[in-house]
Amino acid sequence: MFKLIRRLVVIFVIFFGGYQIYVTHQNVQNVLKYKDLVEETLAENDTAATVALVLAMIYTETKGNTDDVMQSSESVDGIANSITDSRTSIQQGVTVLSEKSHPETGAADT
């Protein structure tokens with residue numbers, strides 16, 4: 001009986017781990033869809049932020065599953081999810097990130 005329970009637990013852990021790997025892979029693929037847009041936005045801004053940093057922020061905030069991918073609406077008007085397109089969200093997010101990296105001038109070091 002103990003062997004059966006142990007085998008069931010092992011099987012459950014393997015399936016659960018596999019499912020978590022699948023979900024993480026899907027989330028990463030969602031975020032990577034924004035890589036070109038992030039690169040373009042960073043090229044337009046004078047910032048110390050990197051593509052990897054911005055993509056990590058998108059993964060942390062929304063996993064790329066909403067229009068306001070960086071959850072940057074609140075920094076514009078204080079209302080959650082008022083930004084309705086990913087380009088504006090990324091532009092605002094990079095702007096705020098740039099201000100945080102060099103607060104006295106609002107721009108990053110060059």
Side-chain angles (χ1 to χ4, degrees):
M1 184 66 171
F2 180 71
K3 284 184 175 183
L4 176 63
I5 293 172
R6 187 172 62 186
R7 284 181 184 161
L8 288 175
V9 168
V10 168
I11 290 171
F12 174 77
V13 168
I14 289 170
F15 279 116
F16 183 74
Y19 175 74
Q20 289 302 316
I21 290 169
Y22 171 76
V23 168
T24 301
H25 174 74
Q26 292 299 104
N27 290 335
V28 168
Q29 294 305 310
N30 283 342
V31 170
L32 287 177
K33 290 189 287 189
Y34 297 103
K35 184 178 181 190
D36 292 337
L37 183 56
V38 168
E39 288 173 343
E40 179 184 320
T41 303
L42 290 175
E44 294 170 358
N45 290 281
D46 182 24
T47 180
T50 63
V51 173
L53 174 64
V54 176
L55 291 175
M57 291 176 70
I58 292 171
Y59 184 88
T60 300
E61 292 293 334
T62 65
K63 314 270 186 295
N65 291 324
T66 67
D67 292 331
D68 189 3
V69 293
M70 289 189 73
Q71 295 291 297
S72 42
S73 297
E74 294 89 347
S75 67
V76 175
D77 56 15
I79 300 170
N81 297 319
S82 62
I83 292 179
T84 58
D85 68 288
S86 55
R87 178 176 296 276
T88 304
S89 179
I90 291 170
Q91 288 171 339
Q92 179 61 25
V94 168
T95 299
V96 171
L97 184 61
S98 297
E99 292 170 357
K100 300 287 185 194
S101 66
H102 203 301
E104 59 272 359
T105 63
D109 290 326
T110 56

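The chain is numbered in sequence order, starting from 1. All values derive from a computational prediction rather than experimental measurement.
- Residue Val69 is grouped with residue Leu53 when hydrophobic side chains (ILVMFWY) are merged at heavy-atom distances under 4.5 angstrom, including chains of intermediate members.
- When all heavy atoms are compared, the tightest approach of Lys35 to Val51 is CG-CG1, 4.1 Å.
- When every heavy atom of Ser73 is checked against every heavy atom of Ser82, the shortest pair comes out as OG-N, 3.0 Å.
- Between the Ser89 side chain and the Met70 main chain, a donor and an acceptor come within less than 3.5 Å of each other.
- Checked options Ile5, Val10, Leu4; the residue passing with Leu8 is Leu4 (criterion: side-chain contact (heavy atoms from CB on, under 4.5 Å)).
- With hydrogens and angles disregarded, no donor-acceptor distance shorter than 3.5 Å links the side chain of Asn27 to the backbone of Val31.
- Rounding to the nearest 0.5 Å gives a distance of 11.5 Å between OG1 of Thr95 and CD1 of Ile90.
- Atom-to-atom distance recorded for Gln91:CD and Glu44:CD is 6.5 Å, nearest 0.5 angstrom.
- Here the OG1 atom belonging to Thr66 is positioned 5.0 Å from the CD atom belonging to Gln71, to the nearest 0.5 angstrom.
- Under a hydrophobic clustering in which Ile, Leu, Val, Met, Phe, Trp and Tyr are joined whenever their side-chain heavy atoms come within less than 4.5 Å, directly or via other members, Leu37 and Leu97 fall into the same cluster.
- Looking only at side-chain heavy atoms (C-beta outward), Val94 and Val54 come within less than 4.5 Å of each other.
- When all heavy atoms of Ile83 and Val76 are compared, the pair lying nearest together is CD1-CG2, 4.2 Å.
- Note: Phe12 and Phe16 have parallel aromatic rings, judged against thresholds of 30 and 60 degrees for the angle between ring planes.
- Hydrophobic clustering (side-chain heavy atoms under 4.5 Å, transitive across Ile, Leu, Val, Met, Phe, Trp, Tyr) keeps Ile58 apart from Val23.
- Between atom CD of residue Gln92 and atom OG1 of residue Thr41 there is a gap of 11.5 Å, rounded to the nearest 0.5 Å.
- When every heavy atom of Lys63 is checked against every heavy atom of Asn30, the shortest pair comes out as O-CB, 3.3 Å.
- The two residues Tyr34 and Leu55 make their nearest non-hydrogen contact at C-CD2, 4.3 Å.
- Side-chain contact between Arg6 and Val9 is absent, with no heavy atoms from C-beta onward closer than 4.5 Å.
- The hydrophobic cluster containing Leu42 also contains Tyr59, counting ILVMFWY residues as joined when their side-chain heavy atoms lie under 4.5 angstrom apart, directly or transitively.
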